[in-house]
Amino acid sequence: MAYNILIVDDSETVRAVLIKTLRLADTGAGEIHEAPNGAVALETLGQRWIDLVLADINMPVMNGLELVARMKADDAFRDIPVIIISTEGSQTRIDTLRAQGIAGFVRKPFTPEIIKSAIQSAMVAH
Amino acid sequence: MIAADPTRLSAAFIDVVQRQAFLFAEPTAVKSLAEPDSGWVHARIAFSGPVSGRLELDLAGELRREIAANVLGLESDDDAAERGGDDALRELLNVICGHLLTQMAGEAAVFDLGLPEVDPPSENPPDFSPRALAFDVEGHPMVLHLAIASGT
């Protein structure tokens with residue numbers, strides 16, 4: 001089964017690398033959608049069927065922390081697994097995000113193998 | 001007390017540049033740096049948390065294209081590498097900053113990062129801080145400066 005994935009990152013470079021990774025690493029990706037911040041991500045979630053969200057934290061307009069909070073507060077989105085892909089190094093913040101219900105965390109820089117493993121873990125748990 | 005140990009910061013910087021941009025960086029002295037072919041580019045990112053400040057990076061203009069090409073898996077003469085140079089540099093700075101702050105303050109500390117900014121290339125050499133860390137990145141200069149404004 002293919003998963004529709006939403007990539008949320010303000011860097012076009014990171015989105016391009018993630019798309020290439022998802023396509024080449026046999027991650028089960030179906031449709032791949034992109035958003036440059038949390039606000040656009042929420043619009044996309046309202047318009048498309050999304051099975052998995054890959055989100056950065058540090059973004060303009062709406063960051064990844066608020067995006068996770070807004071998704072978890074919305075009945076329509078709270079069960080969609082979210083993997084945070086960030087430069088964040090604070091275990092305190094990662095623990096907080098896990099308590100909010102994120103499905104995984106990947107620290108940048110990442111490798112295709114790490115992304116694939118995080119997606120497999122998140123989707124199996126889901 | 002949160003302190004910026006130059007040796008640890010240098011090691012963290014070299015590690016991230018290698019893993020994120022696939023470039024090899026070697027510590028050197030500012031006075032030993034090569035002159036850039038395409039001017040100097042200045043990039044910066046602010047942070048706040050247990051300490052506040054900013055991380056600044058000055059580098060050879062030609063390295064922007066090199067970084068983008070390496071990250072995106074393109075040839076360095078690909079137009080997409082030129083177009084993506086500033087974005088790739090902003091992302092690299094973001095990742096470097098996150099790793100340096102963890103090295104400096106530990107995994108329990110929580111920081112908020114600002115949005116990275118990149119200035120257009122300038123022919124004028126920057127006025128480097130005495131605390132700046134200089135690197136030779138595959139024959140090109142890159143200089144890192146962690147400026148701590150306030151904190152514990």
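To find a chain, count down the sequence lines: A is the first, B the second, and so on, and within it residues start at 1. Note: hydrogens, waters and symmetry copies are ignored here, and every other heavy atom, side chains too, is used. Quick caveat: nothing in here was measured; it's all calculated off a predicted structure.
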| Taking NZ, NE, NH1 and NH2 as the nitrogens, is one of them in B:Glu62 or B:Arg64 under 4.0 Å from a carboxylate oxygen of the other? |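 Salt bridge between B:Glu62 and B:Arg64, a charged N being under 4.0 Å from a carboxylate O: no.
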| Electrostatic pair B:Glu56:B:Arg44 at N-O distance under 4.0 angstrom | no
| Residue among B:Val16, B:Asp112, B:Leu92 with most heavy-atom pairs under 4.5 Å to chain A |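 With the most close heavy-atom pairs to chain A, the winner is B:Asp112.
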| message | Is B:Glu91 close to chain A through its backbone or its side chain, or both, or neither, when contacts mean heavy atoms under 4.5 Å? | response | side chain
| said: For B:Arg19, which atoms come within 4.5 Å of any heavy atom of chain A: side chain, backbone, both, or neither? | reply: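 When you check distances to chain A, atoms from both the backbone and side chain of B:Arg19 fall under 4.5 Å.
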| Counting heavy atoms not belonging to B:Asp37, are there more than 12 under 6.0 Å from its CG? |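 Atom CG in B:Asp37 is crowded, with more than 12 foreign heavy atoms closer than 6.0 Å.
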| message | Taking B:Val95's backbone N and O only, do any of them form a donor-acceptor pair with A:Lys108's side chain (distance below 3.5 Å, no angle check)? | response |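 The answer is no, because no donor-acceptor pair under 3.5 Å joins these two groups.
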| request: Ignoring hydrogens and angles, tell me if any N or O in the side chain of A:Asn4 forms a donor-acceptor pair with the backbone of A:Trp49 under 3.5 Å. | output: yes
| request: Check whether A:Glu88 gets within reach of chain B through its side chain, its backbone, both or neither, counting any heavy atom under 4.5 Å. | output: side chain
| said: Quick check on A:Asp10 against chain B: is it the side chain, the backbone, both or neither that has a heavy atom closer than 4.5 Å? | reply: both
